[in-house]
Amino acid sequence: MDAFTTGLLQRIRATESDLTRARETGDDFLAEVEQAELDDLHRLAAEHGVEVGATRV
């Protein structure tokens, strides 16, 4: 796995964690921001053929 793929997957996992935390604390604005970031990361992964798996929140 190359550095780009590793970094992208790490960012996806971190963003998923941040999104979960925002939802659990009831921070709707932060949850929207994190969801948008996660959507962008998934789009980027798809554009570069990076297999993300079924980890999407």
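For reference, positions follow the sequence shown, starting with 1.
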How many angstroms lie between [atom1] in [X] and [atom2] in [Y], if you round to the nearest 0.5 Å?
X	Y	atom1	atom2	result
Leu41	Leu8	CG	CG	6.0 Å
Gln35	Asp28	CD	CG	12.5 Å
Leu38	Arg43	CG	CZ	12.0 Å

Using a cut-off of 6.0 Å, state whether more than 12 heavy atoms not belonging to Glu47 lie near its atom CD.
->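 For Glu47, atom CD is crowded (more than 12 foreign heavy atoms under 6.0 Å).
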Would you list the pairs meeting ring pair (Phe, Tyr, Trp, His ring centres under 6.0 Å) in which at least one residue belongs to residues 2-34, sequence neighbours left out?
->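 Qualifying pairs, neighbours excluded: Phe4-His48.
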With sequence neighbours left out, what residues match Asp18 under side chain to side chain contact (heavy atoms under 4.5 Å, CB included)?
->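 Testing Asp18 for side chain to side chain contact (heavy atoms under 4.5 Å, CB included), a comparison that skips the adjacent residues, returns Arg21, Glu34.
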Those residues that, when tested against Asp27, pass salt bridge (Lys or Arg N to Asp or Glu O under 4.0 Å) (two or more places apart) =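 Applying salt bridge (Lys or Arg N to Asp or Glu O under 4.0 Å) to Asp27 gives none.
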Set of salt bridge (Lys or Arg N to Asp or Glu O under 4.0 Å) partners for Glu24, sequence neighbours left out =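 By the salt bridge (Lys or Arg N to Asp or Glu O under 4.0 Å) rule, Glu24 matches no residue at all.
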Among Leu44, Val50, Val52, whose side-chain contact (heavy atoms from CB on, under 4.5 Å) with Ile12 holds?
->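 Option passing the side-chain contact (heavy atoms from CB on, under 4.5 Å) with Ile12: Val52.
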Please list all pairs passing the side-chain hydrogen bond (donor to acceptor under 3.5 Å, both in side chains) test where one or both residues lie in residues 2-11, with sequence neighbours left out.
->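 Checked against side-chain hydrogen bond (donor to acceptor under 3.5 Å, both in side chains) - neighbours excluded - the pairs reaching residues 2-11 are Asp2-Thr5, Arg11-Glu37.
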Considering non-hydrogen atoms only, spot the tightest contact between Ala31 and Ala22 and give its length.
->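 Residues Ala31 and Ala22, closest heavy atoms: N-CB, 3.7 Å.
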